[in-house]
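Working notes for the structure below.
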Amino acid sequence: MTAPLLSPELAAWLHDHAEELDATPALAEQVVPQLAAAGLFAIGVPQDQGGSGGTVVDAIDAIAAVAEHSVTSAFVFWGQRTFIEYILQSPNAALRDKWLAPLMRGEYAGATGLSNAMKFLSGIESLQITATAVDDGWRLDGSLAWITNLRKAGFIAAAAVNQADGGPPAIVAFTSEAAGVVRSGDLDLIALRGSNTAAVKLNGVAIDAADLIHANAREYLPPVRPAFLGMQCGLSIGLARASLRAAQTLAGNLRGPLTERIEALRATLENTVDELKAGVADGRFKTAAAPMFKLRIALADIVQQAVQLELQASGGKAYLQGGDQHFARRWRESAFIPIVTPSLTQLQMELQKHAA
Ligand SMILES: Cc1cc2nc3c(=O)[nH]c(=O)nc-3n(C[C@H](O)[C@H](O)[C@H](O)COP(=O)(O)OP(=O)(O)OC[C@H]3O[C@@H](n4cnc5c(N)ncnc54)[C@H](O)[C@@H]3O)c2cc1C
């Protein structure tokens with residue numbers, strides 16, 4: 001399957017609303033239906049499961065294509081598609097049968113609250129949710145400080161939970177309708193404000209075996225991580241491509257050091273993308289995390305250089321209010337790249353541990 005291009009309608013919608021999606025929550029409820037209508041959530045989902053086929057690599061391409069227009073929308077896409085990946089890779093067929101189709105159709109939002117779990121596995125943080133065994137399942141108590149795609153119209157979210165009886169940490173799903181699930185208001189973000197990002201509290205939320213994504217987070221997460229991280233790299237890839245394209249246009253046909261830097265960075269970007277996609281496709285990152293972490297760090301670095309080149313190609317007019325709004329938005333969007341889980345700080349610590 002070749003990389004799917006966005007439909008002209010979706011590309012126009014993203015382009016026209018990119019500023020509003022970043023700066024206000026006004027369009028937050030529209031993002032999932034817009035992406036679903038273009039069939040994007042079915043990419044990389046096997047055809048025998050109702051998807052459009054292809055692999056996670058195709059989903060990376062699609063997320064990158066959306067990020068070229070709007071990182072807010074691309075991050076929502078990542079949340080939805082990553083949740084879909086969780087249930088595709090879950091042994092719980094009933095959960096998959098129940099949720100896959102509504103999620104691909106965008107009737108429900110899928111959210112991934114697994115930053116806490118990723119940090120827990122790296123020994124940085126304890127799990128924030130406790131599951132206490134009751135007669136017919138578990139009772140969940142705790143909170144998640146940050147979670148995106150908590151659509152007000154309804155969501156299902158994944159979280160890692162600590163078992164009160166000492167069993168292994170598990171990955172579970174809970175829905176917005178469950179009694180005891182309390183979504184905060186949207187967080188007061190400096191950008192990505194249309195992403196339905198909020199905190200969530202779980203007060204005695206009842207779940208049972210049907211809601212279990214996996215009984216053991218330590219077994220489940222390492223093989224899922226290449227899809228999680230690879231699709232997340234789609235944000236960096238799309239944003240860097242957009243900034244480099246803008247820089248090239250602004251630099252025009254003038255030859256000189258700036259143009260050379262733009263061309264060199266574009267080549268580095270595309271080589272890095274090829275390396276990432278090859279490693280996701282052949283499965284090598286499932287057992288070798290360090291090379292993938294290095295690629296995520298390299299892509300984040302390329303994004304920072306790309307927005308710098310766009311700024312330098314634009315000059316003073318990039319600094320004017322009402323001037324080049326796309327630059328100012330991309331500058332804010334780019335500030336998200338180093339801190340999205342696993343953040344560069346976390347990755348650098350992991351690499352240091354690997355090296356030792
Ligand atoms: C817009 C937005 C949307 C988000 N959406 C989601 C979501 O959908 N799901 C989700 O799960 N999360 C989400 N997050 C959370 C996000 O992924 C966090 O930014 C991430 O967890 C980074 O954690 P942190 O703030 O602790 O920063 P980190 O980068 O982990 O660390 C920051 C600071 O803590 C220090 N530090 C970290 N670890 C250690 C250590 N071991 N020892 C000493 N010092 C340490 C560092 O030195 C640094 O100063 C979102 C965040 C944002 C901004």
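Order of listing sets the numbers, starting from 1, for every ligand and every atom in it.
Leu27 approaches Glu20 most closely through the heavy-atom pair CD1-OE1, 3.6 Å. When all heavy atoms of Ala109 and Val32 are compared, the pair lying nearest together is CB-CG2, 4.5 Å. Residues Leu187 and Ser184 approach most closely at CD2-OG, 4.3 Å, considering heavy atoms.
With hydrogens and angles disregarded, no donor-acceptor distance shorter than 3.5 Å links the side chain of Arg218 to the backbone of Pro169. Side-chain atoms of Ser343 never come within 3.5 Å of backbone atoms of Val340 as a donor-acceptor pair (strictly under, hydrogens ignored).
Not a single heavy atom of Gly79 sits closer than 4.0 Å to an atom of ligand 1. Note on ligand 1: Lys119 sits in its first shell, one or more heavy atoms being nearer than 4.0 Å.
Within the 4.0 Å heavy-atom criterion, the part of Thr345 lying near ligand 1 is the side chain and not the backbone.
A donor and an acceptor atom, one from each side chain of Arg139 and Asn203, are nowhere located under 3.5 Å apart. A side-chain N or O of Gln89 and one of Glu85 form a donor-acceptor pair less than 3.5 Å apart.
In terms of protein heavy atoms, atom 4 (C) of ligand 1 is closest to Thr148 OG1, 3.4 Å. When only non-hydrogen protein atoms are considered, atom 30 (O) of ligand 1 lies nearest to Gln346 NE2, 2.8 Å. The nearest protein atom to atom 53 (C) of ligand 1, hydrogens excluded, is given as Trp146 CZ3, 3.4 Å; this is a heavy-atom distance. For atom 18 (C) of ligand 1, the closest non-hydrogen atom of the protein is Ile339 O, 3.6 Å. Atom 29 (O) of ligand 1 has its closest protein heavy atom at Ser343 OG, 2.5 Å.
Checking only distances, Asn116 never comes within under 3.5 Å of ligand 1, N or O to N or O.
Protein non-hydrogen atoms do reach within 4.0 Å of atom 21 (O) of ligand 1. Within a 4.0 Å radius of atom 25 (O) of ligand 1, the protein has no heavy atom. For atom 1 (C) of ligand 1, the protein comes within 4.0 Å by at least one heavy atom. For atom 40 (C) of ligand 1, the nearest protein heavy atom lies under 4.0 Å away. Distance check for atom 34 (O) of ligand 1: every protein heavy atom is found at 4.0 Å or beyond. Distances from atom 49 (O) of ligand 1 to the protein include no heavy-atom value under 4.0 Å.
Interface atoms of ligand 1 facing Leu189, defined by a heavy-atom separation under 4.0 Å, are 1 (C). Heavy-atom contacts of Met349 reach the following atoms of ligand 1: 37 (C), 38 (N), 39 (C), 40 (C), 41 (N) (cutoff under 4.0 Å).
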Please lay out, stage by stage, how Gln80 and Met104 fare under the test side-chain contact (heavy atoms from CB on, under 4.5 Å). CA-CA 8 Å; Gln80 185 91 5; Met104 284 194 292; over 6 Å; no

Could you walk me through whether Asn271 and Arg266 pass the side chain to side chain donor-acceptor pair (under 3.5 Å) test, one step at a time? CA-CA 9 Å; Asn271 287 338; Arg266 189 186 294 129; over 6 Å; no

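A heavy-atom distance below 4.5 Å is not found between the side chains of Ser90 and His214. Annotation: side chain of Leu95 is in contact with side chain of Ile213 (closest heavy-atom distance under 4.5 Å).
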